[in-house]
Colleague: 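Quick one: this structure, given as structure tokens, is what I'll be asking you about.
This one's a predicted model, so the numbers in the text were calculated from it and none came from an experiment.
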Amino acid sequence: MFTGIIEAIGTIRAITPKGGDVRVLVETGKLDLGDVKLGDSIAVNGVCLTAVELPGNGFWADVSRETLARTAFDDLKPGSPVNLEKALTPTSRLGGHLVSGHVDGIGEVIAREDNARAVQFRIRSPRELAKYIALKGSITVDGTSLTVNSVNGAEFELTIVPHTLAETIMVDYHPGRRVNLEVDLLARYLERLLLGDKAAEPQSSGLTESFLAEHGYLKH
């Protein structure tokens with residue numbers, strides 16, 4: 001588990017094909033690796049990766065085909081900056097929100113404009129994730145815990161303050177950029193709970209309109 005508070009900006013140093021997937025070397029910059037051991041989890045742009053080698057100034061991790069298919073990891077190349085966060089410990093401050101490091105989908109930055117000293121971004125999510133994104137709710141973008149300031153269909157807006165721009169890779173976001181999205185865990189669990197006994201039936205991974213109407217959650 002993670003908090004979505006980025007601890008450092010790292011750099012992809014190598015991407016090596018290995019048995020059908022890839023192994024990556026991440027240089028971790030100012031991230032303190034003193035308490036990191038083999039097998040520990042580190043979020044890279046919001047993707048939970050396992051450290052399999054620790055050369056001293058970074059770590060190697062394996063990236064599966066599943067991760068490559070479901071995230072924007074495939075856009076990275078040697079030299080790409082990445083957001084880094086070590087996994088939660090029992091004494092960590094929960095400054096953001098609970099983040100699993102399991103990416104739900106890939107979004108796209110579609111607009112960027114200045115807003116006083118902050119920067120306003122508009123991002124389009126996949127249609128299937130739109131129902132989980134709420135006004136003033138939390139969302140994770142490339143591992144960064146952020147507050148949604150407005151929602152319009154599958155698009156949502158974020159207002160990013162100077163500190164967040166300086167401490168994350170968001171300073172480099174421009175229209176067309178693909179980003180990893182993880183929706184709020186509570187929204188995921190709430191959807192599943194509302195299914196009740198129907199959750200055990202095949203093809204019941206989402207709430208249909210007929211189910212919502214039947215149980216009074218839709219008002220016409």
Side-chain angles (χ1 to χ4, degrees), residues 1-15 22-33 35-36 40-51 54 57-64 67-68 70-89 92-109 112 118-123 125 129 133 138-148 156 158-185:
M1 297 295 292
F2 305 90
T3 68
I5 303 300
I6 303 305
E7 296 179 273
I9 296 176
T11 306
I12 300 294
R13 286 303 177 202
I15 301 177
V22 299
R23 179 167 286 192
V24 298
L25 173 61
V26 183
E27 185 178 285
T28 50
K30 69 178 184 179
L31 188 71
D32 181 12
L33 296 179
D35 59 349
V36 175
D40 282 355
S41 297
I42 299 176
V44 179
N45 278 1
V47 180
C48 178
L49 297 180
T50 300
L54 293 168
N57 62 341
F59 68 98
W60 285 91
D62 291 318
V63 183
S64 69
T67 299
L68 291 171
R70 292 186 174 273
T71 72
F73 216 95
D74 202 37
D75 295 344
L76 300 178
K77 57 186 182 297
S80 294
V82 288
N83 290 328
L84 299 176
E85 183 191 355
K86 294 186 293 187
L88 272 168
T89 66
S92 298
R93 290 181 182 272
L94 189 57
H97 70 285
L98 287 175
V99 175
S100 70
H102 303 154
V103 173
D104 292 304
I106 301 172
E108 181 183 353
V109 177
R112 171 181 178 148
V119 174
Q120 196 95 1
F121 291 101
R122 189 161 77 254
I123 296 175
S125 75
L129 295 185
I133 301 172
S138 295
I139 192 163
T140 305
V141 179
D142 277 343
T144 307
S145 172
L146 299 167
T147 301
V148 176
F156 62 94
L158 306 166
T159 302
I160 308 302
V161 297
H163 176 80
T164 303
L165 286 172
E167 297 296 325
T168 72
I169 62 173
M170 295 193 78
V171 68
D172 296 324
Y173 284 5
H174 292 283
R177 168 100 178 210
R178 300 202 311 161
V179 292
N180 294 323
L181 301 179
E182 181 184 332
V183 299
D184 191 352
L185 282 173

Colleague: Could you measure the distance from the CE atom of Met170 to the CZ atom of Arg177? Nearest 0.5 Å is fine.
Modeller: 9.5 Å
Colleague: Taking the side chain from Asp104 and the backbone from Val183, do they hold a donor-acceptor pair closer than 3.5 Å?
Modeller: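 It does hold such a pair.
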Colleague: Could you go through residues 6-15 and list every donor-acceptor pair under 3.5 Å that involves a side-chain atom there, pairing it with any protein atom two or more places apart or in another chain?
Modeller:
unit_1	atom_1	unit_2	atom_2	d
Glu7	OE1	Lys86	N	2.5
Arg13	NE	Glu27	OE1	3.2
Arg13	NH2	Glu27	OE2	3.4

Colleague: Please determine which of Val141, Val103, Ile106 meets the side chain to side chain contact (heavy atoms under 4.5 Å, CB included) test together with Val179.
Modeller: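 Only one of Val141, Val103, Ile106 forms a side chain to side chain contact (heavy atoms under 4.5 Å, CB included) with Val179, namely Val141.
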Colleague: Between OG1 of Thr144 and CZ of Phe2, what distance do you get to the nearest 0.5 Å?
Modeller: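 These two atoms lie 13.0 Å from each other.
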Colleague: Which heavy atom in Cys48 sits nearest to a heavy atom in Ser100, and how many Å separate them?
Modeller: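 Here Cys48 and Ser100 meet closest at CB-O, 4.2 Å.
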Colleague: Is Arg112 reaching over with its side chain to a backbone N or O of Tyr173, donor-acceptor style, under 3.5 angstrom?
Modeller: yes
Colleague: May I ask you to decide if Ser138's main-chain N or O and Asp184's side chain share a donor-acceptor pair within less than 3.5 Å?
Modeller: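 No; judged by distance alone, with no hydrogens or angles, the pair does not exist.
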Colleague: Can you name the side-chain contact (heavy atoms from CB on, under 4.5 Å) partners of Thr140, sequence neighbours left out?
Modeller: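 Expected list: His97, Val99, Glu182.
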Colleague: Please find the pair of heavy atoms, one from Glu85 and one from Gly4, that lie closest to each other, and give the distance.
Modeller: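 Of all heavy-atom pairs spanning Glu85 and Gly4, the closest is OE1-N, 3.0 Å.
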Colleague: Would you name the heavy atoms of Gly58 and Thr28 that are closest together and state the gap between them?
Modeller: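 For Gly58 and Thr28, the tightest heavy-atom pair comes out as CA-OG1, 3.7 Å.
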Colleague: Consider side chain to side chain contact (heavy atoms under 4.5 Å, CB included). Of Val24, Thr50, Val44, which one does Phe59 pass it with?
Modeller: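 The side chain to side chain contact (heavy atoms under 4.5 Å, CB included) with Phe59 is passed solely by Val44 among Val24, Thr50, Val44.
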Colleague: Determine the minimum heavy-atom distance between Ala118 and Val161, stating which atoms define it.
Modeller: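 Result for this residue pair: CB-CA, 4.2 Å.
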Colleague: Would you call Asn45 and Ile169 a side-chain contact if the rule is heavy atoms closer than 4.5 Å?
Modeller: yes
Colleague: If a pair satisfies side-chain hydrogen bond (donor to acceptor under 3.5 Å, both in side chains) and one of its residues is in residues 72-81, list it, with sequence neighbours excluded.
Modeller: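 Listed by first then second residue: Asp75-Arg178.
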Colleague: Is there a side-chain contact between Leu146 and Phe156 in this structure, where contact means two heavy atoms from C-beta onward sitting under 4.5 Å apart?
Modeller: no
Colleague: Starting at CG of Leu88, measure out to CD1 of Ile5 and round the result to the nearest 0.5 Å.
Modeller: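 If I round to the nearest 0.5 Å, the distance is 10.5 Å.
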Colleague: Roughly how far, to the nearest 0.5 Å, is OG1 of Thr159 from CZ of Phe121?
Modeller: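 It is 10.0 Å, given to the nearest 0.5 Å.
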Colleague: Heavy atoms, side chains only, cut-off 4.5 Å: are Ile139 and Leu158 in contact?
Modeller: yes
Colleague: Is there a side-chain contact between Val63 and Leu49, using heavy atoms and a 4.5 Å cut-off?
Modeller: yes
Colleague: Are the side chains of Thr168 and Asp142 in touch, meaning some heavy atoms are under 4.5 Å apart?
Modeller: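 Counting from C-beta outward, Thr168 and Asp142 never come under 4.5 Å.
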